[in-house]
Amino acid sequence: MERKKVTIPGIIRLYEAAERISMLTAYDFPSAAIADAAGIEIILVGDSLGMVINGYKNTLPVTIEEILYHTKAVARAVSVGLLVGDMPFLSYQTGIHDAIYNAGRLLKEGGAEAVKLEGGTNVTDIIRALVRADIPVMGHIGLTPQSIHRMGGYRIQGRDEKSSAVLIEDALAVEQAGAFAVVLEGIPGALAKTITAKLHIPTIGIGAGRDVSGQVLVFHDLLGLSGNRQPTFVKQYAHLKDTAIEAIQLYIKEVKDGTFPDEEHTYK
Ligand code: KIV
């Protein structure tokens with residue numbers, strides 16, 4: 001059966017029908033093709049690519065050029081899912097002009113259909129300006145990796161009354177500014193539930209429990225390509241790293257003992 005292209009109004013319809021929304025990162029052509037074929041509704045070219053595929057210590061070094069490069073590759077593979085490009089550190093914090101220019105490039109050159117950016121009340125002017133420029137925005141609050149130094153590490157946010165009140169305020173501000181959805185990362189499930197109940201846009205959780213409108217995971221984490229030690233919120237649905245190592249070890253063995261290539265893999 002042919003699947004219908006997922007659009008932003010389509011995401012809102014899923015939300016209004018109380019159907020949970022699936023979102024996954026993808027950083028290159030093959031991962032995007034797999035996610036899209038599986039039926040993922042939102043595909044995110046996250047700045048997590050800095051750590052996951054480029055081996056940076058955190059997401060701060062990621063540039064708009066890197067996100068653009070990967071968004072272009074992902075866009076070539078995605079035909080159904082909604083493609084969201086992440087705004088990396090310093091691509092929007094420096095002001096409205098930079099934000100519109102960089103987000104606009106993700107749509108114009110990259111083929112993204114929306115952008116995601118981190119922050120709450122501190123970024124509402126940026127979100128408003130992007131939405132005015134017809135650039136759909138997904139917010140991202142809670143454990144925002146670009147704030148690693150302020151947070152003192154990747155720490156669960158909103159554990160006490162004061163910080164949970166701030167996050168509720170952030171969520172409402174992001175919605176009011178015009179975001180079509182918001183990622184809730186690394187917050188207690190009860191707080192995510194409260195925020196979800198207060199908002200009229202979808203909340204997409206990662207480490208935020210199940211009482212949200214949808215879930216997002218990193219492609220490599222979901223498939224067990226990132227190694228075995230993972231944070232509590234990650235569920236590995238496969239163990240492809242182990243499978244890949246075994247396959248490569250078998251290849252090495254067959255090269256060494258001369259059983260590869262065999263007749264079947266040799267031109268006649
Ligand atoms: O960069 C990223 O992959 C993200 C998601 C995990 C939400 O921001």
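Order of listing sets the numbers, starting from 1, for every ligand and every atom in it. Below, each value reflects all heavy atoms present in this structure, side chains not excepted, and no hydrogens, waters or symmetry copies. Residue numbers start at 1 and run along the sequence shown.
Under 3.5 Å, the side chains of Glu41 and Ser22 contain a donor-acceptor pair of N or O atoms.
Partners of Asn122 under the side chain to side chain contact (heavy atoms under 4.5 Å, CB included) rule, at least two apart in sequence or in another chain, do not exist in this structure.
The ring-ring contact (aromatic ring centres under 6.0 Å, His included) contacts involving residues 81-129 comprise nothing, where partners must be two or more places apart or lie in separate chains. Sorted by first then second residue, the side-chain hydrogen bond (donor to acceptor under 3.5 Å, both in side chains) pairs that include residues 72-82, not counting sequence neighbours, are Asp36-Ser79.
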Could you list each N/O atom of ligand 1 together with any protein N/O atom closer than 3.5 Å, one pair per line with the distance?
from     : atom 1 : to     : atom 2 : distance (Å)
ligand 1 : 1 (O)  : Asp47  : N      : 3.1
ligand 1 : 1 (O)  : Asp47  : OD1    : 3.0
ligand 1 : 1 (O)  : Ser48  : N      : 3.0
ligand 1 : 1 (O)  : Ser48  : OG     : 3.3
ligand 1 : 1 (O)  : Asp86  : OD2    : 3.2
ligand 1 : 3 (O)  : Ser48  : OG     : 2.5
ligand 1 : 8 (O)  : Lys116 : NZ     : 3.0

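Residues Tyr27 and His220 place their aromatic rings such that the two centres sit under 6.0 Å apart.
Listed for the Ser164 side chain is no donor-acceptor partner under 3.5 Å among the backbone atoms of Gly158.
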